[in-house]
Participant: 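Sharing a structure, written as structure tokens. Questions coming.
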Amino acid sequence: QVQLVESGGGLVQAGGSLSLFCVASGRTFSTTGMGWFRQAPGKEREFVAAISRSGGSTYYADSVKGRFTIARDNAKNTVYLQMNRLKPEDTAVYYCAQGRTTTQVMSVPDYWGQGTQVTVSS
């Protein structure tokens, strides 16, 4: 049974930073693409970032490019999202996602975490 458990959300002022963590279990982590999505109130869930199995390739939504960094540690079954220069419009529930490939995780992930709230105050 696959489980994705996020942590690290919280409240931060605009311009600040937060780190999100997602620990995966139930599947050989190094064979999966991993990603982050977010959903703001009243909006659809949207892609934020993805990383390939080895960590050698990363992909970002235009809205976060240059501010967010995705990384993974296959020895710890963990994917990270470092968020810098946060803006109020980054406020959302952030979800960790897993797929068989990077392409899949960016479009139709196999599994989702429960989500962690990120709130950026102005």
Participant: Looking at every non-hydrogen atom in both residues, tell me the closest pair between Cys96 and Glu6 and how far apart they are.
Facilitator: N-OE2, 2.7 Å

Participant: To the nearest 0.5 Å, how far apart are CE in Met34 and OH in Tyr111?
Facilitator: 12.0 Å

Participant: For the hydrophobic clusters of this structure (ILVMFWY residues joined by side-chain heavy atoms under 4.5 Å, transitively), does one cluster hold both Tyr94 and Tyr59?
Facilitator: no

Participant: Evaluate the side-chain proximity of Arg27 to Asp110: yes if any heavy-atom separation is below 4.5 Å, no if none is.
Facilitator: yes

Participant: Search all heavy atoms of Gly35 against all heavy atoms of Ile70 and return the closest pair with its distance.
Facilitator: CA-CD1, 4.3 Å

Participant: Spell out, yes or no, whether Trp112 and Val48 are grouped together once hydrophobic residues are joined by side-chain heavy atoms under 4.5 Å, including indirect joins.
Facilitator: no

Participant: Of the non-hydrogen atoms in Thr101 and Gln104, which two are nearest, and what is the gap between them?
Facilitator: OG1-N, 3.0 Å

Participant: Is there a side-chain contact between Tyr80 and Asp73, using heavy atoms and a 4.5 Å cut-off?
Facilitator: yes

Participant: Quick one: are Arg72 and Asn74 in side-chain contact, heavy atoms under 4.5 Å?
Facilitator: yes

Participant: Would you give the length of the straight line joining atom CD1 of Ile51 to atom OG of Ser57, rounded to the nearest 0.5 angstrom?
Facilitator: 8.5 Å

Participant: Check whether any side-chain N or O of Thr31 sits under 3.5 Å from a backbone N or O of Phe29 as a donor-acceptor pair, and report yes or no.
Facilitator: no

Participant: Would a 4.5 Å heavy-atom cut-off, applied to side chains only, mark Ser17 and Gln82 as touching?
Facilitator: yes

Participant: Picking from Val64, Leu20, Thr116, Thr69, what satisfies side-chain contact (heavy atoms from CB on, under 4.5 Å) with Leu81?
Facilitator: Leu20

Participant: Scan for side-chain hydrogen bond (donor to acceptor under 3.5 Å, both in side chains) pairs involving residues 43-54, sequence neighbours excluded, and state none if there are none.
Facilitator: Arg38-Glu46

Participant: How close do Gly8 and Phe21 get, counting heavy atoms only, and between which atoms?
Facilitator: CA-CD1, 4.4 Å

Participant: So, for Phe68 and Trp36, is the gap between ring centers shorter than 6.0 Å?
Facilitator: no

Participant: Are Tyr95 and Phe37 close enough that their ring centres sit under 6.0 Å apart?
Facilitator: no

Participant: Going by an N to O cut-off under 4.0 Å, is there a salt bridge joining Asp90 and Lys87?
Facilitator: no

Participant: How close do Ala40 and Ala92 get, heavy atom to heavy atom, and via which atoms?
Facilitator: N-CB, 3.8 Å

Participant: How about Pro109 and Gln98: do any of their side-chain heavy atoms sit closer than 4.5 Å?
Facilitator: no

Participant: Taking the side chain as every heavy atom from C-beta outward, state whether Arg100 and Thr32 have any pair of such atoms under 4.5 Å apart.
Facilitator: no

Participant: Can you hop from Val79 to Tyr60 via hydrophobic side chains spaced under 4.5 Å?
Facilitator: yes

Participant: To check you understand the geometry: which heavy-atom pair defines the closest contact between Gly26 and Val2, and what is its length?
Facilitator: O-CG2, 4.0 Å

